[in-house]
Number of protein chains: 2
Amino acid sequence: MAEAVESGARRGEATRQAIELAAIDLFAELGYNATSMRQIAASAGIRPAAIYHWFPSKEAILTQLQDDFMDRLEEAVDAAVAGESTPAGELAAAVREHVVFHGLHPRAAFVTDSEIRALSPEPKARLIARRDEYEGMFRQMIERGVEAGEFEVSNPAVASYAILLQCTGVALWYDPAGELPLEVIARIHVELVLASLGARRNGTGERELKN
Amino acid sequence: MAEAVESGARRGEATRQAIELAAIDLFAELGYNATSMRQIAASAGIRPAAIYHWFPSKEAILTQLQDDFMDRLEEAVDAAVAGESTPAGELAAAVREHVVFHGLHPRAAFVTDSEIRALSPEPKARLIARRDEYEGMFRQMIERGVEAGEFEVSNPAVASYAILLQCTGVALWYDPAGELPLEVIARIHVELVLASLGARRNGTGERELKN
DNA sequence: CAGCTTCATGAACGACCGTTAGGCTAGTGC
DNA sequence: GCACTAGCCTAACGGTCGTTCATGAAGCTG
């Protein structure tokens, strides 16, 4: 017994995860540039030099976190959309999943969003391209909804920006210990989004408006 | 004649403005923590030590910029709302002005929003309180609109978060050289917001939906 | 011109940064 | 038991940071 992590113990891959967890919390709280490798190491229970056994640089930690977040976000939203057949149904499912995912991983979401500018040109361009592609998925759902007569909106691009901004922002204010469960918050956002697009409320699987 | 700013010239208050302008651009582009006093000084055409004649610290520059932005934003929105008589009219005017103001001052908006965490506890609490108060103004307009039967919304607090996030986000993507004029973007957001709240389109001064 | 204030300078301080070099040690493969 | 590697360490590197200090030119006041 007693495999407890002692001072100086070797933990292998567990160390890598400890580094990532420490980095996500510190980056989210202090910002990437205000966080030092020494802080990350201390929070992970190792010495600064040990980080370089797992990551080639500080920036590599950041890009790893951001790539992981985008991977899992895209996977979750793709899966949610796959079960729908109409543009309105797809968008409702995508919005719901986007909100829930951001509520479950607020720090990773925040770090991915707000630390884009901390990246050097190449990874920066890569991440921006990924987010543009993700936004394009929402815009296309809106455009298809307009063509199908399900939505009525002046400008699908502006609408997609507005939708993603308000839903992503849930990561900024949602409190797991607060009054509103995440599922309720997600449902409210689906209502707001569909209403903003002038969606008819018929057969999209939506519940009643009143609480 | 020739009062041109030479190397080593004394510019008095103009130096203060040069520092603020340089800081706003650099903070917005690189982030507060990634921007050095030496960069600000170089961009303002002075030596680092001269900054300390106008500001007691680096953080004081940031708080000055943030306070100025909030002052002018509140003033602009208050003035816009003052001319309206119904909750829906007030909210429409507030959204319009909020969007326009953020489109006109995107860097200041971005610095105010995203560098809250760079502040030390006391100024941080002050700025958060100010933003909470500003958000409360929007929430109250929504609540009054619900009471007056003009809006239909599950949760006014969540709605106000959603509205402010999508409108504030305009500062992140609006391009003055792009296709859409700021006034059009503002109008689209008024449409989206009013629609999301289930507002009736009667006598709120709104134009037609199409185009 | 004398005295004072304003505005800016060059030089330097101690602190902390990301990163690296090199060594120790526990565990594995033979 | 011996070589080898993975994992982590201590120590230190060169560099940059925010800030301070002493100094002085320029301009106002009398």
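No experiment lies behind these values; they were computed from the predicted model shown. Numbered from 1 within each chain, the chains take letters A, B, ... in sequence-line order.
Lys58(B) has its NZ atom 15 Å from the P atom of dT16(D), to the nearest Å. Here the P atom of nucleotide dT10(D) and the CD1 atom of Ile46(A) are 12 Å apart, to the nearest Å. Rounded to an integer number of Å, the gap from Tyr52(B) OH to dC17(D) P is 12 Å. Rounded to an integer number of Å, the gap from CD1 of Ile51(A) to P of dG7(D) is 16 Å. In this structure, CD1 of Ile61(B) is placed 11 Å from C1' of dG18(D), rounded to the nearest angstrom. The interatomic distance linking Met37(B) (CE) with dC17(D) (C1') rounds to 11 Å, in whole Å. For Phe55(B) and dA8(C), the CZ to C1' distance is 15 Å, given to the nearest whole Å. Across the protein-nucleic acid pair, Ile40(A) atom CD1 and dT19(C) atom C1' stand 13 Å apart, rounded to whole Å.
Not less than 6.0 angstrom separates the ring centroid of Tyr161(B) from the ring centroid of His189(A).
In summary, Glu150(B) and Arg144(B) do not engage in a salt bridge, as defined by a charged side-chain N under 4.0 Å from a carboxylate O.
Residue Arg47(A) has no polar side-chain atom (N or O) positioned under 4.0 Å from OP1 or OP2 of dC8(D). Note on Thr15(B): a side-chain N or O is less than 4.0 Å away from OP1 or OP2 of dA8(C). Checking the phosphate oxygens (OP1, OP2) of dC17(D), a side-chain nitrogen or oxygen of Ser36(B) falls inside 4.0 Å. Applying the 4.0 Å criterion to OP1 and OP2 of dT6(C), one finds that Trp54(B) has every side-chain N and O outside that range.
Counting only heavy atoms from C-beta outward, the side chains of Phe27(A) and Arg107(A) never approach each other to under 4.5 Å. No side-chain heavy atom of His102(A) sits under 4.5 Å from any side-chain heavy atom of Cys167(A).
Remark: the Gln66(A) side chain and the Thr112(A) side chain contain no N/O donor-acceptor pair separated by less than 3.5 Å.
Nearest nucleotide to the Arg38(B) side chain, out of dT10(D), dC17(D), dT20(D): dC17(D). Closest approach to the His53(A) side chain among dA6(D), dT19(D), dG18(C) is made by dA6(D) (side chain taken as heavy atoms from C-beta onward).
Two residues, Ala34(A) and Ala49(A), neighbour DNA chain C, and the one matched to the more 5' nucleotide by heavy-atom proximity is Ala34(A).
Looking at Arg11(A), its side chain has no donor and acceptor atom pair within 3.5 Å of the base of dG7(D).
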Are there any protein N/O atoms within less than 3.5 Å of an N/O atom in nucleotides 23-26 of chain C, and if so, which ones and at what distance?
unit_1  : atom_1 : unit_2   : atom_2 : d
dT25(C) : O2     : Arg10(A) : NH1    : 3.3
dT25(C) : O2     : Arg10(A) : NH2    : 2.1

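Summarising the geometry, atom NE2 belonging to His53(A) is positioned 9.5 Å from atom CD1 belonging to Ile19(A); distances are rounded to the nearest 0.5 Å.
More than 12 heavy-atom neighbours from other residues, nucleotides or ligands sit within 6.0 angstrom of CD on Glu59(A).
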